[in-house]
Structures are given as C-alpha cells and as structure tokens.
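Nothing fancy with the numbering, it's 1 onward along the sequence. Worth saying up front: this structure is predicted, and the values here are computed from it rather than measured.
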Amino acid sequence: MSQSTSMASLSESIKAEIRSGRWGSFLNAGSPADRAEAQRIALKESRLGIPLLFGRDVIHGYHTIFPIPLGQAASWDPELIEQAARTAAIEASTEGIRWAFAPMIDIARDPRWGRIAESPGEDPYIASVAGVAVVRGFQGASLANPSSVAASIKHFAGYGAAEAGRDYASTWIPEVLLRDVYLRPFQACVEAGAATVMTAFSALNGVPATGNPFLLRQILRSEWKYDGMVVSDYTAVKELVPHGYASDDADAARLAFRAGVDMEMVSTTYYDHLKSLIASGQVPLAEVDDAVRNILRLKYRLGLFDQPIPAPAHSAVTPESRALAQRLATESAVLLKNDGNLLPLAETVGSVAVIGPLADSPVDQMGTWVMDARPEDVRTPFAALRQMLGDARVLYAPGLKNSRDTDPSGFEAAVNVARRADVVLLFLGEEQILSGEARSRAFLDLPGAQAALAAEIAGAGKPVVAIIQAGRPLTFHQTASQVRAVLWSFHPGTMGGPAIADLLFGRAVPSGKLTVTFPRTVGQVPIYYAHLSTGRPASLSELGIPMGNPTNPTGYTSKYIDVDFTPVYPFGYGLSYTEFTYSNLRLSNSALTQDGALIVSADVSNGGQRAAAEVVQLYVHPVAASVVQPVRLLKGFRRVSLKPGETQTVRFTLRAADLSFHNQQMQLVAEPGRYQVWIAPDSVRGLESEFILR
Ligand code: NOJ
C-alpha cells in the first residue's frame, strides 16, 4: 500500500500488519534490529513478499554531522558535498535506511524562514549544483548498491517563498519566476536521477502543492518525463482540508492522488478512502496501477527484492568521517570582517578568553535535523582550542546560558575573563532549536542578551573576534561594528570546533562565500542579488529623502529613506587571509551563436603570503530582454587553490542554453542581443565585459 507510517518500535500488531501486506514503508522509524526484523517479515511472511522501504530525515549527516546545508553550499565545493552525502548514505544504509528525505532544494530568499538553514540559499544555479551533489552522493553509481539511499528532492515546489517567511504560509509565484528560479534545481536533480520527490506543504498560487496537477502531472511527469516516486510531506494530504482545498479526508485523498501523489506520508486518507474512491469511479484504477508501479519501481531500483535479508548492524562516526566533516566545516565558514588583519591569530598568543553561549554547546553547533547524532561525538570550539593551546591558556566564561538567555548575571565574570586575556573569542548565534522547520522569526537580531554581552565584552578593551553559529543570516551589525573580526560558521556540525580553531589560528584559511544575502535590517527582506532592475534604479550617490521639485527631482529612486538599499554582505561574499586580484578579462569572441561556445576567462592572482582557495564567479545579464532579467545571474563558478604569488587563468564556457530564460509564452529561449558578463569575487564587484548573442 502507498503509505509511509512511523513506528516507535516493532510491536506485535505492526508485525501482523506487515504480514498482511498492509505496510509499505516506514518513516523515521525503529532501531536497526526492528528494521531488519520488519524486512524479514515482509519478504518471508507476507503474501506477496514485497520489501519494505525505510525512509529517514538524513539531512546533513547521519551519525557524523556536516554543516547545515546553507553552510555546505557556502563551501562552493560540490565534490566535498557529494562525499558528505555519500558518508551519510553509508552510515544510514548500514542501519537499514535506504531512503533519505533530502536534499531540500527550496530557493530561500527570506531569512525569517527557519528552513533557510536546510536550503542551499537564494540562487538557482548554486542550489542545482549543491542538490545534484547530494543526489549523487546518496545514490552512488547505482541505487541497487546496498550502501546507496534514494534521495528525495523537496519540497516540490515553491515552499521557500512562504509569505513573510512564515513556515507553511502560501506562496504566490508567477510562472516565469517559478520556472526560472524555483524549479531549476528540481529539474537539475531530476536529470541527475533523483529517485523520489516530496511535495510541499504550501499552496502555490492558491493550489496546495500536494494536490497540484500542474506541478506534478504537467511539469514533473509530462514535461520532465519523471519516472520516480512522489511522496507527500508529513500529513500534507490530510492538510488539504484545513487548507480549504478539500472538503473532507476522502476528498483530500482523491485530490492528492489524482494530482499525482503516489505515496501518502503519515496521514491515512489513502488507506481509509482509496478503495471506495475506486469503487465509486472517482479514482481510475489505471492511476492506481501507475502509483503502485512508481513505488515498486523504486523498490526494484534499490535492489530490495534481490538483496538478502539484512542483519541488524550499527554504524558510527569514524576518523575518516570526522576528517571529512572537519574539511567541510572549514570550507563552509565565511570570514565577514577582519579589521587590521586581526586574524589569523598567532599560536604564540599568551591567552585567549572564550566567551559566549555557543562556545561549548555540542547540540547547538549541530543545528537542525540531527536525529541520529550523539552530542558526545561533537568537538566544540572550546574543547578544540584547549587541545590546540593547552588548558591553561584558554580562559572560559559563557556569559549567558544559551542564546536566548536574557539574564546578565554572567556578564561580570565574562568581562573579567576578557580583561585577563590577550584576545577574546566570542561565540554567539542561534541555538539549535531556533532554526529549521516551524522556526520562523520576525526579528533577525542575535537572540537574548547576546548583543548586550558583546557590548560589555567590547568595552573590556581587548581585540574581539566574533564567531557566529546560526541557521540563517542575522542582523547583528551593531555587534559587528564593536568587534575586530567576524567569522560566520553556520551550524558547523560534529567537527565545527576543530575547524573553527584551525581557521582562527591560520592552520586553515577561510574560503567560504555566502550563498544568501545578509540584510542590514529585517525591513529589507526579501533582498537578494538576482533582483530585477527598475526604471528608477537606486544609486549610492542619491541616498536619503528625495529632494528638489517637480521639474528638478532628485532621489526618486528605488530605495529606502531610512536605511541604505544595499545589503550588508552580498551574495558570493567572503574574505580570505590573502588578497586575490582579478585581471585581464577576455572573451574568445565578441559574439556567441545559438549553437556556438564562448570562452570567458580572467587571471586570478594570490598576492598574499598564504596558499588559499578562491571561489571565482561568473555572472551574466542581458541588456534588454522580453521578460526583464536579473541585474546579474550566476552562471558558473570555480574554486581555485592558489599558492602565494601564483596566478591562474580561470576559464568558463558559455553557450546559448546557459543564457536561456522563459519568455512570456513560457518558452525557454536564449534571446539574441547584448549581454554583460562578469568574472567576479562576489555578486557586486568584478571585471565586466560584453558580448552579443546572435
Ligand atoms: C516534514 C518536513 O517538511 C519534511 O521535510 C520532512 O522530511 C518530513 N516532515 C518527515 O519528517
């Protein structure tokens, strides 16, 4: 049956249900032993011997926790992201899990939305690359390999555009935006072979995604020729009733099923009503056959029919998985500020003060969705710094109990510790429970009394480095202005501590770059780099209140009168401990034909004293188009490693297809005309040139 149900433990009644063939898959359920026994019963004792499928939220690791997906994307390192997903697949499959509810590839342009932590960020290109890397890592060379897990690309579609960043809220997405932004990562992952698709909770343009034939039948099945399996999100079929789309549960089952949802997750409207819906002719049997085929095909592809009954087994964090987690945490961290090159610190420093509620909090540094991780496996920054410098040189006072704490009674001890040290490492951010599903925030400040703690610490007169672990961009700019350096580490996972310690002391060089724009204030949201221009674009020379008179107006441009219109840290931004210079932008031709290729290249030099990696970005913009296009749109990137003094030529190949977008007739077209092109260190700077598409 097309039902995914949870199971706390394998009771006699569940065993009886499996024997009777009434159970097809389990969600987030049981122990390895329970799963092995349930599978044995399904294969050996049920009438048809159809294997069960065990799915789980393996989002950014299983036992070994990697940075949250928003952090992983900031590494711009698809190979490493793929290896992390492979590691998670091996750990999970060893314990009987063959289906992971990831990657989440919802484009997220609103940091109020708590699930931005699970997303690769705001851009369809990087989201496609990161999503495909996870699909490849999970599914390996063959799904039938027992260490492969089926990916579930989610949430189809538009969920990240929840109104006002409020989880589960409606989304209104014009079709061009849907196709050019929100659907692109899904299509890329479908092309990469993603085995399953999970529908979104949200309504898209008034039609809930879980009962949306336009999304599921027209786009997914008909246009993309998808032959994988579609599962609803958790109780999303039944939720068609409170949505106001279905009149009752039976109606919900009918609408979701007919829209193309093969399997219902957790709620039981299919189980309860499909039989009578078929009998009354409201659901055609042929569609039931299709859904069953989609589910069985997945089980065949996973090799579940052919593989021996698994023996219960356990996996664990290993030295290799730790090394990988540390590398990804290191590459994910983004250096946002480094006044006077305070960082890296010298390991000969006398003593450091470690302050803040996130310095030694294993659970919090793992971030959202870590159901299979153990806090005792986590290495915190405090532990890592003591290991690096010795206990005596690391003074510690958390100042606050957790990130929400508003009690200033710990401030005095923290200030005293700051005064005694040569440098202060201030660990701020959001604790685990503040980001992820249903964790929308209306304010993006540092929670609790952290800003006040930071101000007190800054007053102690020592150089301060803020290290921020969070699930979303925050507006922490007053604090940023009071400290010399800011290292943004997202929730970095199991090995976040050693990664941060290495970065602070120069054993590693920061190379992460943001895949989401950081606003100055929540009032600027949504703010993202790939916005459209207006007829009155803002300019830095015309800020503030519009002046002049009707015949000579100044400042009537698209901006705010009370805050700069620019973000505080743009998409693609991140500092290093070295200086990179970009020069010599060149194009292989001044024109590109519809079937030709254009090589765009530039020289990137490391002018500093340290070997370091730089994420070089390629952006384009058509000067005029039949549907106005973003002021810049990412079309490629390279992560290059450069020795001190080294110069490398970085090349990109552009084809007409890379420039395509949906026109007013919803045709994917590459329109002839002039295009601007940039090779850039981030989305606002870079070398610019132009070419013609013929
Ligand atoms: C709800 C979430 O939206 C989804 O992402 C997750 O996979 C399911 N719950 C299962 O836990």
Side-chain angles (χ1 to χ4, degrees), residues 4 6 27-29 55-62 65-73 88 99-122 127 131 134 151-171 182 185 196-204 208-210 231-239 242-243 264-267 363-373 403-404 429-444 447 469-474 490-491 493 516:
S4 185
S6 54
L27 157 97
N28 290 342
R56 205 165 178 88
D57 284 296
V58 182
I59 307 298
H60 53 115
Y62 186 72
I65 298 300
F66 299 95
I68 54 169
L70 190 61
Q72 291 191 29
W99 183 23
F101 302 133
M104 186 182 111
I105 44 176
D106 295 311
I107 297 299
R109 294 177 162 182
D110 191 333
R112 292 172 299 183
W113 191 49
R115 300 198 80 170
I116 197 170
E118 292 175 60
S119 134
E122 72 185 40
V134 175
S152 189
I153 51 176
K154 68 186 189 184
H155 304 84
F156 198 64
Y159 183 41
E163 267 186 346
R166 220 174 49 251
D167 209 359
Y168 318 121
S170 305
T171 71
Y182 291 89
T196 78
V197 168
M198 187 188 296
T199 63
F201 283 127
S202 42
L204 171 69
T210 301
V231 65
S232 78
D233 202 346
Y234 199 105
T235 64
V237 176
K238 194 177 172 66
E239 290 170 25
H243 257 296
E264 179 176 7
M265 187 191 287
V266 174
S267 56
V363 167
D364 293 324
Q365 90 178 44
M366 287 193 284
T368 185
W369 284 123
V370 289
M371 26 195 313
D372 297 288
S403 73
R404 285 166 302 144
E430 283 183 321
E431 65 207 88
Q432 181 190 52
I433 56 168
L434 296 185
S435 72
E437 186 176 345
R439 267 68 169 190
S440 298
R441 294 183 60 195
F443 298 95
L444 296 174
Q469 301 174 46
R472 54 160 66 80
L474 297 176
F490 302 93
H491 288 132
V516 64

Legend entry - Criterion side chain to side chain contact (heavy atoms under 4.5 Å, CB included) on I116 and R109, from CA distance to verdict: CA-CA 8 Å; I116 197 170; R109 294 177 162 182; over 6 Å; no
Inset, instruction - Assess whether salt bridge (Lys or Arg N to Asp or Glu O under 4.0 Å) is satisfied between E430 and R441, documenting all intermediate values. - result: CA-CA 11 Å; E430 283 183 321; R441 294 183 60 195; 2.9 Å; yes
Legend entry - Stepwise side chain to side chain contact (heavy atoms under 4.5 Å, CB included) check, T368 with E437: CA-CA 8 Å; T368 185; E437 186 176 345; over 6 Å; no
Inset, instruction - Walk me through it: do T196 and S152 pass the test side-chain hydrogen bond (donor to acceptor under 3.5 Å, both in side chains)? - result: CA-CA 5 Å; T196 78; S152 189; 3.0 Å; yes
Inset, instruction - Go through the steps to decide whether Y234 and L27 satisfy the test side chain to side chain contact (heavy atoms under 4.5 Å, CB included), and finish with yes or no. - result: CA-CA 9 Å; Y234 199 105; L27 157 97; 3.5 Å; yes
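One finds the CE atom of M104 at 9.0 Å from the CD1 atom of I59 (value rounded to the nearest 0.5 Å). For the atom pair CD of Q469 and CE of M366, the computed distance is 11.5 Å after rounding to the nearest 0.5 Å. Atoms CZ and CH2, on R56 and W99 in that order, are 13.5 Å from each other to the nearest 0.5 Å. Here the OG atom belonging to S202 is positioned 7.5 Å from the CG atom belonging to D106, to the nearest 0.5 angstrom. Rounded to the nearest 0.5 angstrom, D57 CG and Y62 OH are separated by 11.5 Å.
Under a cut-off of 6.0 angstrom, the local environment of NZ in K154 is crowded, with over 12 non-hydrogen atoms contributed by other residues, nucleotides or ligands.
The side-chain heavy atoms of R115 and W369, taken from C-beta on, include a pair separated by under 4.5 Å. Counting heavy atoms from C-beta on, the side chains of V516 and P111 never come closer than 4.5 Å. Using a 4.5 Å heavy-atom threshold, the side chains of E118 and I68 count as separate.
No donor-acceptor distance shorter than 3.5 angstrom exists from the side chain of R166 to the backbone of S440, with no hydrogens or angles considered. Side-chain atoms of S170 do not come within 3.5 Å of backbone N or O of L204 as any donor-acceptor pair. Under a 3.5 Å cut-off, the side chain of E163 and the backbone N or O of T171 do not form any donor-acceptor pair. Between the Q72 side chain and the P67 main chain, a donor and an acceptor come within less than 3.5 Å of each other. E431 places a side-chain N or O within donor-acceptor distance of the main-chain N or O of R404, the cut-off being under 3.5 Å. With hydrogens and angles ignored, the 3.5 Å screen pairs no side-chain donor or acceptor of T235 with any backbone N or O of S267. In this structure a side-chain-to-backbone donor-acceptor pair under 3.5 Å is present from T210 to A200. H60 contributes a side-chain N or O that, together with a main-chain N or O of F66, makes up a donor-acceptor pair within less than 3.5 Å.
Across all their heavy atoms, P208 and H243 have their closest contact at CG-CG, 3.8 Å. Taking each heavy atom of I65 and A373 in turn, the nearest pair found is CG1-CB, 3.4 Å. A pairwise comparison of heavy atoms in V58 and A88 identifies CG1-CB, 3.8 Å as the closest pair. Of all non-hydrogen atoms in S403 and L434, the two that sit nearest each other are OG-CD1, 3.6 Å. Among all heavy-atom pairs drawn from S119 and A108, the shortest one is OG-CB, 3.5 Å. The shortest non-hydrogen separation linking A127 to I107 is CB-CD1, 3.7 Å.
Using a 3.5 Å distance cut-off with no hydrogens or angles, the side chains of D167 and Y159 do pair a donor with an acceptor.
The aromatic rings of F201 and Y168 stand perpendicular to each other, their planes meeting at an angle above 60°, with 30° marking the opposite boundary.
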